[in-house]
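Here's the structure, in structure tokens; my notes come after.
In the text below, chain A, chain B and the rest are named by the order of the sequence lines, each starting its count at 1. The figures here come from the full heavy-atom set of this structure, side chains too, leaving out hydrogens, waters and symmetry mates.
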Protein chains: 2
Amino acid sequence: MIAMRTQERLIESARALLWERGYVGTSPKAILEHAGAGQGSMYHHFKGKSDLALTAIRRTCAELLGTAEALLCGPGTPYERIEAYLLRERDVLRGCPVGRLTMDPEIIASAELRAPVDETLDRLRERLAGTVEEGKERGQFPPHLDGEEIAATVLATVQGGYVLARASGSPAAFDTGVRGLLSLLRSDTDQVA
Amino acid sequence: MIAMRTQERLIESARALLWERGYVGTSPKAILEHAGAGQGSMYHHFKGKSDLALTAIRRTCAELLGTAEALLCGPGTPYERIEAYLLRERDVLRGCPVGRLTMDPEIIASAELRAPVDETLDRLRERLAGTVEEGKERGQFPPHLDGEEIAATVLATVQGGYVLARASGSPAAFDTGVRGLLSLLRSDTDQVA
DNA sequence: GTCTATACACTGATAGAC
DNA sequence: GTCTATCAGTGTATAGAC
């Protein structure tokens with residue numbers, strides 16, 4: 001945080017605290033202390049808490065979408081790309097920095113704050129759905145599977161995996177759920193390139 | 001709330017607010033106002049906010065577990081029971097009253113508050129795993145599926161379904177994810193009683 | 001048992017000095 | 001741009017009257 005401008009430190013501090021404590025659980029004071037800034041700085045660069053949060057959330061969403069799309073548009077067969085997305089390294093116990101926001105009452109109550117979250121998960125679903133459809137065309141997945149449905153299942157398994165892991169205090173439950181999903185997808189996979 | 005004793009009204013008010021706003025987002029004042037009680041009542045019946053929350057959480061966990069086990073131990077084949085659990089009526093946009101607590105930093109930071117959440121989701125997984133294993137014995141599911149893994153996948157799909165639904169502001173995403181999961185389970189199902 | 005009164009820190013925001 | 005000072009309201013908890 002040392003070599004950043006104050007505005008930048010505020011955004012990064014807000015991102016970290018929103019991930020850890022959510023919107024309701026994050027106070028301007030906590031952000032300012034984390035950023036090493038005085039009370040007035042935030043109100044110079046942003047209209048208030050929600051304005052700073054919106055900037056932070058948009059950046060987090062963009063980053064997450066970039067990471068996921070890189071894997072889903074990368075090399076390999078459709079199954080392999082979905083597998084890569086599911087098995088990618090994650091800080092499981094911290095939860096999903098985007099998904100966790102959906103449990104925050106003030107994020108859901110604000111159309112503006114919810115919008116980037118909605119858009120991010122929606123694009124991820126589209127990308128996953130496209131990958132499944134491509135797998136069907138290539139004969140890797142059977143035609144009776146629905147791309148949109150499987151996409152939602154894959155994304156839900158990931159988001160719910162975080163819930164199970166955090167409840168148990170261990171990443172194991174996340175991995176177990178993912179392995180189960182992969183075994184179901186493999187059952188349907190003709191091992192064809 | 002009219003015919004209840006004050007203590008009971010406090011617990012039910014805490015349950016409602018914890019579901020809607022989480023632990024961090026729920027203040028004693030809000031609980032007292034919702035319950036129509038004065039400031040002192042809560043501190044007569046409970047040691048403080050966390051003590052009341054613990055009582056409320058335990059009751060919510062017991063209720064959820066009861067509902068789920070009734071379906072998973074009910075009539076029908078293993079597949080049908082899992083289907084009944086997945087398709088049961090839910091207030092999807094409100095989220096899971098137990099699962100949402102895992103995104104609360106103060107619940108996770110407290111071993112005492114996290115314990116009932118952990119135990120509830122763990123028992124649910126065990127019950128689901130047993131159901132899958134039973135399906136394997138009966139020849140309804142193929143032997144290569146792992147009961148524990150599929151149980152985690154099923155539970156994660158439900159928990160993650162809430163996330164997708166709340167993000168999009170519509171229950172549709174939950175249903176889509178569940179349909180995808182059921183289609184994967186059916187692919188592996190020999191339609192045998 | 002339930003109430004009001006009170007305490008003290010924190011919340012989100014503004015004013016104005018530098 | 002950043003700071004300190006200040007504000008009205010809220011958060012969690014206690015004291016003590018009834």
Item to complete: Just compare C:dT11, D:dT2, D:dT12 and give me whichever is closest to any side-chain atom of A:P28.
Response: C:dT11

Discussion item. Are there over 12 heavy-atom neighbours, none belonging to B:E69, within less than 6.0 Å of that residue's CD?
Written reply: yes

Worksheet entry | Given D:dT12, D:dT2, C:dG12, the nucleotide with the shortest approach to the side chain of A:T6 | D:dT2

Fill in: Atom pair distance, as rounded to whole Å: CE in A:M4 and C1' in D:dT2
19 Å

Item to complete: Starting from C1' on C:dG12, measure out to CD on A:E33 and report it in whole angstrom.
Response: 14 Å

Discussion item. If you only use heavy atoms from C-beta on, which nucleotide in D:dT14, D:dT2, C:dT14 is closest to the side chain of B:Y43?
Written reply: D:dT14

Fill in: Candidate nucleotides D:dG1, D:dT12, C:dG12, ranked by approach to the side chain of A:H45 - the nearest
D:dG1

Discussion item. Quick check on DNA chain C: between A:G40 and A:S27, whose nearest nucleotide comes earlier from the 5' end?
Written reply: A:S27

Worksheet item: Rounded to the Å, how far apart are B:K47 NZ and D:dA13 P?
Response: 12 Å

Response to the item:
note: A:L52, atom CG; C:dA13, atom P; distance rounded to Å ~ 11 Å

Worksheet item: Does B:E119 come within less than 4.0 Å of B:R123, counting only side-chain N to carboxylate O?
Response: yes

Discussion item. Please report the distance, rounded to the nearest Å, between NZ in A:K49 and P in C:dT14.
Written reply: 15 Å

Practice prompt. Send over the distance from B:L32 CG to D:dT10 P, rounded to a whole Å.
Written response: 14 Å

Fill in: Which nucleotide in C:dT2, C:dG12, C:dT11 has an atom nearest any side-chain atom of A:K29
C:dT11

Practice prompt. For A:M42 and C:dT11, give me the distance from atom CE to atom C1', rounded to whole Å.
Written response: 11 Å

Worksheet item: Which part of the nucleic acid, if any, lies within contact of B:Q39, taking any heavy atom under 4.0 Å across all strands shown: a base, the sugar-phosphate backbone alone, or nothing?
Response: base

Worksheet item: Which atoms form the tightest heavy-atom contact between A:E106 and A:Y23, and what is the distance?
Response: OE1-CE2, 3.4 Å

Worksheet entry | Carboxylate-amine/guanidinium contact B:R9 B:E12, below 4.0 Å | no

Practice prompt. Show your working on salt bridge (Lys or Arg N to Asp or Glu O under 4.0 Å) between B:E134 and B:R138 and close with a plain yes or no.
Written response: CA-CA 6 Å; B:E134 192 190 325; B:R138 291 217 224 168; 3.1 Å; yes

Worksheet item: Separation of A:H44 atom NE2 from C:dA13 atom P, in whole Å?
Response: 17 Å

